[in-house]
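Inspection log for the structure reproduced underneath, given as structure tokens.
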Protein chains: 2
Amino acid sequence: MNFMSDADSAGEPTGSSTAAELAYVEKFAVLLEHMGLVRMHGRVLALLLVCEPPEQSAPDICAALQASKGSINPALRTLTAAALVEKVAKPGHRRDYYRIKSDAWTQIMRTRASRFTPVIEAADEGIATLADSPPGRLDRLREMRDFYRWFDQELPQLIERWEQWQTQNRANE
Amino acid sequence: MNFMSDADSAGEPTGSSTAAELAYVEKFAVLLEHMGLVRMHGRVLALLLVCEPPEQSAPDICAALQASKGSINPALRTLTAAALVEKVAKPGHRRDYYRIKSDAWTQIMRTRASRFTPVIEAADEGIATLADSPPGRLDRLREMRDFYRWFDQELPQLIERWEQWQTQNRANE
DNA sequence: CAGGATGTTCAGTCGATAATGAACTTTATG
DNA sequence: CATAAAGTTCATTATCGACTGAACATCCTG
């Protein structure tokens with residue numbers, strides 16, 4: 001609650017803490033944008049990462065980010081569809097609340113990896129088409145395909161290793 | 001040589017093979033664009049992936065992609081700086097030739113991983129700033145930071161494993 | 001040394017994309 | 001049942017970045 005500008009006071013936010021936090025959210029959003037998320041998705045995710053409490057309603061987010069419903073709503077829809085954010089119901093109050101999922105970051109990684117699949121397929125196609133070409137030409141395609149194929153296979157195992165290590169450590173806590 | 005339109009013949013390319021190959025390059029370029037490369041970089045890299053011979057001059061590439069020098073030149077500069085493409089000298093003919101590097105794909109992976117470093121740093125900063133906050137709030141930041149920190153550490157080892165496996169298999173060939 | 005081709009740089013144009021804000025639908029609550 | 005808040009959708013606007021094409025610099029070749 002303390003995040004939003006319910007107090008429509010000055011142009012400059014009143015609480016110093018709030019101002020600093022918003023600047024931090026903005027900074028983080030830029031980093032997420034550089035990681036491939038679209039701008040508004042980065043902003044929302046950054047906010048949900050540091051907000052208190054963790055659950056925020058769409059109007060809350062609109063107010064905090066000073067953005068319109070028309071931009072927040074599709075962003076929340078996409079983030080939810082991508083399994084980075086989840087809808088949670090709160091007993092008493094408004095309708096929909098959103099919260100960042102704890103496995104959002106591994107999920108982003110998995111999604112990024114899935115982008116390689118079409119590349120592998122396209123390479124296979126090219127290799128088939130150019131079957132009767134100079135060997136060097138095919139080698140370039142094969143080299144690429146083999147790497148991504150291998151990576152596509154290894155990454156899930158890597159993430160799984162993280163999750164196991166993670167749960168073990170949480171148990172020790 | 002067979003790729004470029006030295007013969008400024010018809011609007012539709014003459015050789016059916018060439019037309020198909022250019023279409024393939026364009027398709028591949030889209031995939032690379034989806035993987036995060038800017039459009040023209042994707043096009044150039046896709047061309048260099050399948051062209052014959054592997055070395056192409058800047059004018060060759062301009063002709064093949066039907067793009068201007070002003071766009072190809074910076075693209076080649078960036079791709080070279082990113083170590084995805086290398087300049088090679090050819091004894092007799094023109095000045096600069098470009099060739100895709102064999103480790104381009106692992107290099108892309110490494111570069112992408114390096115984008116996580118600022119995120120880790122920003123998370124550290126946030127954790128320090130919010131030191132006296134509800135524990136759940138810090139947990140969200142810590143969870144993310146720990147994952148990326150761990151991933152940043154594991155990825156180079158993963159790639160190294162690939163390179164070893166690669167060279168071993170090449171020896172067996 | 002001169003001509004021509006290659007490489008480099010940059011301002012202007014164009015297209016794409018995301019955010020807005022209003023119109024509309026749905027759902028709680030008094 | 002009525003009212004108001006929340007959610008959804010969409011046409012319009014604004015902003016950003018890439019591509020062009022021309023002007024300039026540099027380097028081979030005859």
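A, B, ... follow the sequence lines: proteins, then strands. Residue 1 opens every chain.
In this structure, A/Y98 has no ring pair (Phe, Tyr, Trp, His ring centres under 6.0 Å) partners at least two apart in sequence or on a different chain. Judged as a salt bridge (Lys or Arg N to Asp or Glu O under 4.0 Å), and not counting sequence neighbours, B/D152 has no contacts. Not a single salt bridge (Lys or Arg N to Asp or Glu O under 4.0 Å) links A/R112 to another residue, sequence neighbours left out. Evaluation of the side-chain contact (heavy atoms from CB on, under 4.5 Å) rule for B/R99 yields B/P54, B/E55, B/E86, B/V88 as partners, not counting sequence neighbours. Qualifying side-chain contact (heavy atoms from CB on, under 4.5 Å) partners for B/E143, counting only residues two or more places apart in sequence or in other chains: A/S102, A/Q166, A/R170. For the salt bridge (Lys or Arg N to Asp or Glu O under 4.0 Å) test, no residue two or more places apart in sequence or in another chain qualifies with A/E121.
Across residues 27-45 of chain A, not one residue has a non-hydrogen atom less than 4.0 Å from an atom of DNA chain D. Within a heavy-atom distance below 4.0 Å of DNA chain C, the residues of residues 68-86 of chain A found are A/S68, A/G70, A/S71.
Nucleotide D/dC19 holds its P atom 14 Å from the CD1 atom of B/I61, rounded to whole Å. In this structure, the CZ atom of A/R95 is 12 Å from the C1' atom of C/dT29, given to the nearest Å. Remark: C1' of C/dT27 and OH of A/Y97 are 15 Å apart, rounded to the nearest angstrom.
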Determine all donor-acceptor pairs shorter than 3.5 Å in which one atom belongs to a side chain in residues 38-50 of chain A; sequence neighbours excluded.
unit_1, atom_1, unit_2, atom_2, d
A/R39, NE, A/E33, OE2, 3.3
A/R43, NE, A/E26, OE2, 3.0

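Salt-bridge formation is detected for the pair B/E52/A/R140: a Lys NZ or Arg NE/NH1/NH2 atom is positioned less than 4.0 Å from an Asp or Glu carboxylate oxygen.
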